[in-house]
Each structure stands twice: as structure tokens, then as C-alpha cells.
Amino acid sequence: MKAPLRRAASGLAALTACAVLAGGALAQPPEPTALIDQQHCMFCHTVDQPFLAPSFRDIAARYRDNPQAQAMLEAKLVHGGKAHWGDMAMPPPVERGGPLSEEDAHTLVRWVLSQ
Ligand code: HEC
């Protein structure tokens, strides 16, 4: 009586895991690892834990429904800007590892917002 139930339950878990994996693969742009290293993003951020800076997942959640977010965050990555999370502003690119092109900022923000 119990065994078939358990089989059904684990089958369901496997299906759910597949759906999550497939959905994630479709929705997420690839991680721009070289850019992230060059700009030392992970010196202050992590994907899912608040550290010196808000986590990328918190940032994505905050801006998910904001159609202006992509452009605003790209400008902030390239030029710096007002602090939205606390007293510490994000330093400009020269202090993070070198100049950042608008195209690279676009790639980075798209990735952050997909977390
Ligand atoms: C020296 C530490 C540091 C580094 C390096 C850094 N950040 Fe940040 N970042 C911060 C801090 C602090 C904040 C919070 C600023 C605020 O209150 O708006 C922040 C905020 C952000 C935000 C949200 C901005 C907003 O207006 O809400 C994004 C997006 C972001 N960082 C992406 C990145 C990316 C991508 C990189 C690598 C290119 C990076 N950060 C590198 C410290 C850093």
C-alpha cells in the first residue's frame, strides 16, 4: 500500500525538477563570467546572500516589474549613481577593475535581472 504511493511521489519530484531545470535554462542568459571577474562583482555581491552589497537575487526581485530598471541599472553600472539600498553607493567602473562599455553593462544587467 505504501510502496506505490512513494514511487508516485518520487516520480512527481523528478518531473518537477525537470520542469525547473528546463524553465531556468530557457529564462536565463548565460553567466558573463569574464566580465564579472574583470569588474570584481563578486567582491561585494553574491547571487543569493546579502554580503557587502545586496544579493543579485534581491536586486532582480526588487526590479522585476519595473520596465525602466534595465536602462537605469545599465547607466548606474557605467556612470555610478544614487544609492538605492543603503548608505554605500556602488563604486564607478574605474574603481572596480576598469572602464565598462554600455554593451557590457547591458549584458551584466540582463544577467543580474534574470537571477
Ligand atoms: C566595491 C563593491 C561593489 C562591487 C565591486 C560591485 N558592486 Fe554592485 N553594488 C554595491 C553596493 C554597495 C550596492 C548598493 C548601492 C545602492 O544602494 O544602490 C550595489 C548595487 C548594485 C545594483 C543595484 C543598483 C540599484 O540602483 O539598485 C546592481 C544591479 C549591481 N550592484 C550590480 C553589480 C555588478 C553587475 C557588478 C560588477 C560589474 C557590481 N555590482 C560590482 C557594491 C559593489
Side-chain angles (χ1 to χ4, degrees):
M1 183 66 201
K2 268 189 185 151
L5 256 184
R6 217 175 358 216
R7 254 204 308 279
S10 70
L12 199 65
L15 268 182
T16 315
C18 281
V20 168
L21 280 177
L26 278 181
Q28 281 195 356
E31 181 183 298
T33 313
L35 272 175
I36 291 173
D37 286 350
Q38 186 238 325
Q39 289 277 310
H40 302 106
C41 308
M42 297 327 208
F43 188 80
C44 302
H45 293 273
T46 78
V47 167
D48 54 7
Q49 300 286 317
F51 182 41
L52 299 177
S55 77
F56 286 147
R57 219 159 265 172
D58 284 348
I59 293 173
R62 172 167 172 169
Y63 292 113
R64 188 146 287 142
D65 298 324
N66 180 345
Q68 259 87 60
Q70 174 82 32
M72 185 280 287
L73 294 175
E74 281 174 30
K76 180 148 173 173
L77 276 192
V78 175
H79 307 291
K82 200 160 128 325
H84 288 144
W85 296 80
D87 297 335
M88 182 171 153
M90 194 162 67
V94 280
E95 289 170 29
R96 298 193 313 251
L100 182 69
S101 71
E102 289 186 10
E103 197 188 333
D104 288 347
H106 180 81
T107 306
L108 282 165
V109 171
R110 253 179 56 100
W111 175 72
V112 169
L113 291 180
S114 75
Q115 296 308 297

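Numbering of ligands and ligand atoms starts at 1, following listing order.
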Counting non-hydrogen protein atoms only, what is the nearest one to atom 32 (C) of ligand 1? Give residue, atom name and distance. F56 CE2, 3.6 Å

Provide the number and element of each atom of ligand 1 under 4.0 Å from a heavy atom of Y63. 25 (C), 26 (O), 27 (O)

Using a distance threshold of 2.8 Å, what protein N/O/S atoms lie below it relative to atom 8 (Fe) of ligand 1? H45 NE2, M90 SD

Is the closest N or O pair between K76 and ligand 1 shorter than 3.5 Å? yes

Quick test: of every protein heavy atom, which one is nearest to atom 5 (C) of ligand 1, and how far off is it to 0.1 Å? H40 O, 3.2 Å

Contact atoms of ligand 1, heavy-atom distance to G86 under 4.0 Å: 17 (O)

Under 4.0 Å from a heavy atom of L108: give me the atoms of ligand 1 that qualify, with their elements. 38 (C)

Close-contact set for ligand 1 against L73 heavy atoms, below 4.0 Å: 23 (C), 24 (C), 25 (C), 26 (O), 27 (O)

Nitrogen or oxygen of W85 less than 3.5 angstrom from that of ligand 1: yes

Which atoms of ligand 1 sit under 4.0 Å from any heavy atom of A83? 16 (C), 17 (O), 18 (O)

Pairs under 3.5 angstrom only: tabulate donor-acceptor contacts from the side chains of residues 88-98 to other protein residues two or more places apart or in another chain.
| unit_1 | atom_1 | unit_2 | atom_2 | d |
| --- | --- | --- | --- | --- |
| R96 | NE | Q39 | OE1 | 3.1 |
| R96 | NH1 | P91 | O | 2.8 |
| R96 | NH2 | Q39 | OE1 | 2.8 |
| R96 | NH2 | L77 | O | 3.1 |

In a table with atom names and distances, give each donor-acceptor pair under 3.5 Å that connects a side chain of residues 41-53 to protein atoms at least two apart or in another chain.
| unit_1 | atom_1 | unit_2 | atom_2 | d |
| --- | --- | --- | --- | --- |
| H45 | ND1 | P54 | O | 2.8 |
| T46 | OG1 | D48 | N | 3.3 |
| T46 | OG1 | Q49 | N | 2.7 |
| T46 | OG1 | Q49 | O | 2.7 |

Quick one: does F56's side chain get under 4.5 Å of L113's, heavy atoms only? no

Compute whether any side-chain donor of one residue and acceptor of the other, for E31 and T33, lie under 3.5 angstrom apart. yes

At the 4.0 Å heavy-atom cut-off, does W111 count as touching ligand 1? no

Nearest 0.5 Å, please: how far is CD in E102 from OG1 in T107? 12.0 Å

Heavy-atom check, side chain of L100 versus side chain of L35, under 4.5 Å: yes

Determine, step by step, whether I36 and L108 satisfy the side chain to side chain contact (heavy atoms under 4.5 Å, CB included) criterion, reporting the C-alpha distance in whole Å, the side-chain angles of both residues, the deciding distance to 0.1 Å, and the verdict. CA-CA 8 Å; I36 291 173; L108 282 165; 3.8 Å; yes

Show, in sequence, the C-alpha distance, side-chain angles and deciding distance for H79 and E74, and conclude whether the side chain to side chain contact (heavy atoms under 4.5 Å, CB included) test is met. CA-CA 9 Å; H79 307 291; E74 281 174 30; over 6 Å; no

The reported gap from NE2 in H84 to NZ in K76 (rounded to nearest 0.5 angstrom) is 5.0 Å

Could you identify the single nearest non-hydrogen protein atom to atom 28 (C) of ligand 1 and state the distance to 0.1 Å? I59 CD1, 3.6 Å

Is M88 touching ligand 1 with its side chain, its backbone, both, or neither, if touching means heavy atoms under 4.0 Å apart? both

If you have a sec, work out which protein heavy atom is nearest atom 26 (O) of ligand 1 and how many Å separate them, to one decimal? H84 ND1, 2.6 Å

Across all chains, not counting sequence neighbours, the ring-ring contact (aromatic ring centres under 6.0 Å, His included) partners of Y63 are none

